[in-house]
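A quick write-up on the structure given underneath.
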Amino acid sequence: DEDLEKHDEL
Amino acid sequence: MNLFRLAGDVSHLLAIIILLLKIWRTRSCAGISGKSQILFALVFTTRYLDLLTTFISFYNTTMKVIYIGCSYATVWMIYAKFKATYDSNHDTFRMEFLVIPIAALSLLVNHDFAPLEILWTFSIYLESVAILPQLFMVSKTGEAETITSHYLFALGLYRALYLMNWIWRFFAEGFFDLIAIVAGLVQTILYCDFFYLYITKVLKGKKLSLPA
């Protein structure tokens with residue numbers, strides 16, 4: 001899952 | 001980016017700055033748990049390693065750098081610059097009781113068994129309980145300075161706002177991250193008792209003191 005590989009939250 | 005998340009980030013930033021300014025202007029870190037601050041520095045360091053690998057946005061990078069920088073500055077003030085004012089006798093929580101089980105948990109329950117992902121998971125779990133040494137210290141001394149209460153309120157509010165952000169994101173984007181949500185819930189629940197005291201005492205102009 002790409003969303004999880006890139007954690008966009010702080 | 002939705003309003004809850006932005007408000008959460010601002011609240012988090014405000015908490016960090018309130019603490020820095022409190023220590024700097026009073027030249028004292030009395031009543032502040034150095035151990036919680038070490039844990040937060042560890043949280044930011046392990047979570048934001050992706051600064052070196054992934055670019056998300058200017059906002060994201062800037063905030064991460066500010067959080068890490070302020071966090072280390074706070075630790076430095078407590079353990080070096082204003083060391084003489086650090087109340088180590090009351091800061092007796094054992095950090096290893098949190099760090100070791102959480103390291104084990106992050107190895108067992110994560111999204112992906114990869115170094116950066118495990119460190120991210122570790123940081124999420126650790127953040128949820130990193131305030132415990134500070135809350136322990138407040139309960140041990142039975143009181144907190146009003147400015148320290150404001151710090152704790154802003155810090156607790158940040159994750160509560162993130163919970164609303166996750167509800168928003170679930171319905172708006174179909175996005176949810178169970179690890180972050182469960183840890184965020186735990187984190188927010190830990191503050192509930194404090195929130196109650198803050199609203200019933202500090203907001204009415206009284207100092208936060210616990211019944212003996």
Side-chain angles (χ1 to χ4, degrees), chain A, chain B residues 1-2 4-13 16 43-44 46-51 53-57 59-68 71 110-112 114 116-117 119-121 123-124 127 158-159 161-163 165-166 168-170 173-181 183-184:
Chain A
D1 191 338
E2 270 181 36
D3 280 343
L4 287 176
E5 281 168 27
K6 187 173 153 183
H7 299 292
D8 66 341
E9 292 178 343
L10 292 164
Chain B
M1 177 67 78
N2 58 63
F4 294 121
R5 196 160 141 205
L6 183 63
D9 290 345
V10 169
S11 179
H12 197 182
L13 186 63
I16 292 170
V43 163
F44 291 134
T46 50
R47 186 173 313 166
Y48 297 159
L49 284 172
D50 66 351
L51 275 173
T53 61
T54 317
F55 179 78
I56 292 165
S57 65
Y59 170 82
N60 190 281
T61 301
T62 309
M63 293 297 263
K64 284 175 174 171
V65 171
I66 293 174
Y67 287 173
I68 293 180
S71 177
N110 52 57
H111 292 307
D112 183 17
L116 274 186
E117 189 59 31
L119 287 168
W120 177 86
T121 310
S123 85
I124 292 286
E127 185 190 348
Y158 133 71
R159 222 46 175 171
L161 287 164
Y162 256 72
L163 289 178
N165 154 57
W166 290 322
W168 180 277
R169 289 192 77 178
F170 178 74
E173 305 163 28
F175 169 89
F176 75 102
D177 182 334
L178 206 54
I179 286 179
I181 292 170

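Throughout, a chain's letter reflects where its sequence line sits, starting with A, and its residues are numbered from 1. The basis for the numbers below is simple: all heavy atoms, side chains too, and nothing from hydrogens, waters or symmetry mates.
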Open item on the list: Let's go through B:R47 and B:E127 carefully: what are the C-alpha distance in whole Å and the side-chain angles of both, what is the deciding distance for side-chain contact (heavy atoms from CB on, under 4.5 Å) to 0.1 Å, and is it a yes or a no?
Closed with: CA-CA 10 Å; B:R47 186 173 313 166; B:E127 185 190 348; 2.5 Å; yes
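- Ring orientation note: the planes of B:Y48 and B:F44 are close to parallel, at an angle under 30° on the 30°/60° scale.
- In the model, B:N165 has a side-chain atom that pairs as donor or acceptor with a side-chain atom of B:N2 under 3.5 Å.
- Listed by chain and residue number, nothing satisfies the side-chain hydrogen bond (donor to acceptor under 3.5 Å, both in side chains) test with B:R159 (two or more places apart in sequence, or in another chain).
- Counting heavy-atom pairs under 4.5 Å between each of B:T53, B:L116, B:I56 and chain A puts B:I56 at the top.
- Most heavy-atom pairs under 4.5 Å with chain A, from the set B:R5, B:K64, B:M1: that is B:R5.
- With a 4.5 angstrom heavy-atom cutoff, B:D9 touches chain A only via side-chain atoms.
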